[in-house]
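Notes to accompany the following structure.
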2 protein chains.
Amino acid sequence: MTTTGEGTESELVPTPVTKAADLPAATVRRLPEYLRALSALTDAGVETVSSETLAATCGVNSAMLRKDLSQLGASGMRGVGYNAAALATHIAGVLGLTDDSRVAIIGLGHLGQALARYPGFSNRGFDVVGLFDADQGIIGKDLDGVRVRDVALLAEAVRDEGINIGVIATPEAAAQHVADLLVDAGVTSILNFAPCVLAVPEGVAVRKVDLAVELQILSFHEHHKTLGRQETGTVK
Amino acid sequence: MTTTGEGTESELVPTPVTKAADLPAATVRRLPEYLRALSALTDAGVETVSSETLAATCGVNSAMLRKDLSQLGASGMRGVGYNAAALATHIAGVLGLTDDSRVAIIGLGHLGQALARYPGFSNRGFDVVGLFDADQGIIGKDLDGVRVRDVALLAEAVRDEGINIGVIATPEAAAQHVADLLVDAGVTSILNFAPCVLAVPEGVAVRKVDLAVELQILSFHEHHKTLGRQETGTVK
DNA sequence: ATGTGTGAACTGGTTCACAGCC
DNA sequence: GGCTGTGAACCAGTTCACACAT
């Protein structure tokens, strides 16, 4: 079974480790936002940024930002702030973005095609190297330079092309099967857009994005605003 | 059913209130998943379901499910379980799905077009009645029976067509402007796909979906898995 | 016997407030 | 002065375990 991480190599090292082994999940969720804000700042020529300023642009509390950053071994200068460029590099390193991840998208309906062409992926360190579908009408089609292949070739491609993230954009009915294919081929990170819960073995990370769920949550707030008085429903 | 009609505050009322006024955010997030699982069950002919079973299909702890349900005034029968159909109806009522929400999508690039045609919206009680863009090359185009209009007509349409949810699928640069338009037109629920933090007044609910962020979170886990095992761990 | 409903314990996450360094 | 780093207080969310209804 998937060996549960056992990085015994650096246990004796006495230094304040830069290693970000087990960050709280809540912290990890916020890192990409920090990174994006920092990129915007450095692009604008900013060199140093205070936790107060950065937190404001990310919509979070400054104390939380500082705690998050200290948890990953990043450090600012007291009285000054953080070096924006260095901090961005550090966060990118913690997130493992230094070498591009190789992504396969399975299911090239409207959503899958949109994902395949989504500039935010390539812009932020993700190479979409594989597109797969079961529909002969789509197989062979070229999307921004990547040809759609038969899903039967998925396992081979995962091995040969070092794909390490699978994005499932199939209909619900096919999602679990595709997940099984990915897992069998050795993929341990899956992003699932199908509206269903996937069963995967331990050690495989699955994140689910259900577009309709987001609308339903908004619907709840909308519904309860219109019930009686208005409510401060500003959620994140 | 769902007598959630009264909008009056009920602090003095001694009865076990059916009111789902301020549900914990964590509970609200899970309701759509419960609803989806229940729909699947009723479609399969199931009449009664235990918290244990339902929780398993939703991937949550059964005690949490029971607590969630009791918090919205739903009730099962001790020793038996929950009536699947009645529970589904009740949750739908709490989420405000009894009358379809009217959705506008702004920005019809690849992602916006995919959203416009996403079957999960109409299937789950959302009417996409408005499509808007600023690009003359897209305005006028017909997407599954809905014509793309000039974003200049957005405010008018919001008022005339009772649009109450806005979905922003524009590039980052336009997102805040569109959000302002929506807010000015009276929309208080926004789903934002642009990778930026929107500034909105109190009382406006914004949910953000950043597709790249999800990949970055997966990247983190992937990165830290491979710190322990350096070869791609194709373990079965 | 079975499975809900819920107080109580627990875990994780956020905010506060201030000591310490620049 | 200004701002980071962090213990302590606080709060939300989750799990446990069991009384109680059917």
Side-chain angles (χ1 to χ4, degrees), chain A residues 15-18 20-31 33-34 37-38 41 46-84 86-87 90-91 94 217 220 232-236, chain B residues 15-31 33-34 37-38 41 46-84 86-87 90-91 94 217 220:
Chain A
T15 55
V17 237
T18 326
D22 11 272
L23 253 35
T27 296
V28 175
R29 273 201 305 276
R30 287 186 291 266
L31 293 183
E33 186 64 45
Y34 300 159
L38 284 166
L41 286 169
V46 172
E47 296 215 335
T48 312
V49 64
S50 72
S51 63
E52 197 65 54
T53 307
L54 184 55
T57 62
C58 296
V60 301
N61 180 302
S62 69
M64 197 163 70
L65 172 60
R66 289 199 297 279
K67 188 154 283 190
D68 282 342
L69 295 184
S70 77
Q71 258 160 335
L72 39 131
S75 60
M77 281 166 287
R78 296 181 187 220
V80 181
Y82 298 85
N83 178 308
L87 185 51
H90 188 217
I91 293 177
V94 170
I217 296 170
F220 170 83
T232 57
T234 317
V235 229
K236 193 162 181 262
Chain B
T15 58
V17 242
T18 324
K19 195 184 166 199
D22 8 273
L23 253 37
T27 296
V28 175
R29 273 202 304 276
R30 286 186 292 264
L31 292 184
E33 187 63 44
Y34 299 160
L38 284 166
L41 287 171
V46 172
E47 296 215 335
T48 311
V49 64
S50 72
S51 63
E52 197 64 57
T53 307
L54 184 55
T57 62
C58 295
V60 302
N61 180 302
S62 68
M64 196 165 70
L65 171 60
R66 290 198 298 277
K67 187 155 282 188
D68 282 341
L69 294 184
S70 76
Q71 258 162 334
L72 39 130
S75 59
M77 282 168 287
R78 297 184 186 215
V80 181
Y82 298 85
N83 178 306
L87 185 53
H90 188 216
I91 293 176
V94 170
I217 296 171
F220 170 83

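Naming: A, B, ... by sequence-line order, numbering from 1 per chain. For clarity, every value in this text was computed on a predicted model and none was experimentally measured.
To the nearest 0.5 Å, atom CD1 of residue A:Ile91 and atom CD of residue A:Glu33 are 10.5 Å apart. The distance from the CZ atom of B:Phe220 to the CZ atom of A:Arg29 is 12.5 Å, given to the nearest 0.5 Å. To the nearest 0.5 Å, atoms CZ (A:Arg30) and CG (A:Leu65) are separated by 9.0 Å. Rounded to the nearest 0.5 angstrom, A:Gln71 CD and A:Arg66 CZ are separated by 13.0 Å. In this structure, OG in B:Ser51 is found 13.0 Å from NZ in B:Lys67, a value given to the nearest 0.5 Å.
Of the listed nucleotides (C:dT14, C:dC21, C:dG3), C:dC21 has the atom at the smallest distance from the side chain of A:Arg78.
Axis deviation across the helix from C:dA1-D:dT22 to C:dC22-D:dG1 amounts to 10°, comparing end segments of five pairs, rounded to 10 degrees.
Counting only heavy atoms from C-beta outward, the side chains of A:Leu41 and A:Leu54 approach each other to under 4.5 Å. Using a 4.5 Å heavy-atom cutoff, the side chains of A:Ser50 and A:Tyr82 are not in contact. Two residues are said to be in side-chain contact when any heavy atoms from C-beta on lie closer than 4.5 Å; A:Leu72 and A:His90 meet this criterion. The side-chain heavy atoms of B:Val46 and B:Leu38, taken from C-beta on, include no pair separated by under 4.5 Å. A:Leu23 has its side chain within reach of A:Val94: a pair of non-hydrogen atoms, C-beta onward, lies under 4.5 Å apart.
Atom pair B:Leu87:CG and C:dT4:C1' shows a separation of 13 Å (rounding to whole Å applied). Rounded to whole angstrom, the span from the CG atom of A:Asp22 across to the C1' atom of C:dG13 amounts to 16 Å. The distance from atom CG of B:Leu72 to atom P of C:dT6 is 12 Å, rounded to the nearest whole Å.
A:Ser75 comes within 4.0 angstrom of the backbone, heavy atoms only, and of no base. At a threshold of 4.0 angstrom between heavy atoms, the contacts of B:Arg30 are confined to the sugar-phosphate backbone, with no base atom among them.
For the OP1/OP2 pair of C:dC22 and a distance below 4.0 Å, the side-chain nitrogens and oxygens of A:Tyr82 include no atom meeting the criterion. Using a 4.0 Å cut-off, no side-chain N or O of B:Ser50 falls inside it from OP1 or OP2 of C:dG3. The side chain of B:Ser70 places an N or O atom within less than 4.0 Å of a non-bridging phosphate oxygen (OP1 or OP2) of C:dT6.
Mapping heavy-atom proximity under 4.0 Å, the span of DNA chain D touched by chain B runs 5' to 3' from D:dG13 to D:dT22.
Considering every non-hydrogen atom in both B:Ala37 and B:Cys58, the closest pair reads CB-SG, 3.6 Å.
Non-hydrogen atoms lying under 4.0 Å from DNA chain D are contributed by A:Arg66, A:Lys67, all within residues 61-69 of chain A.
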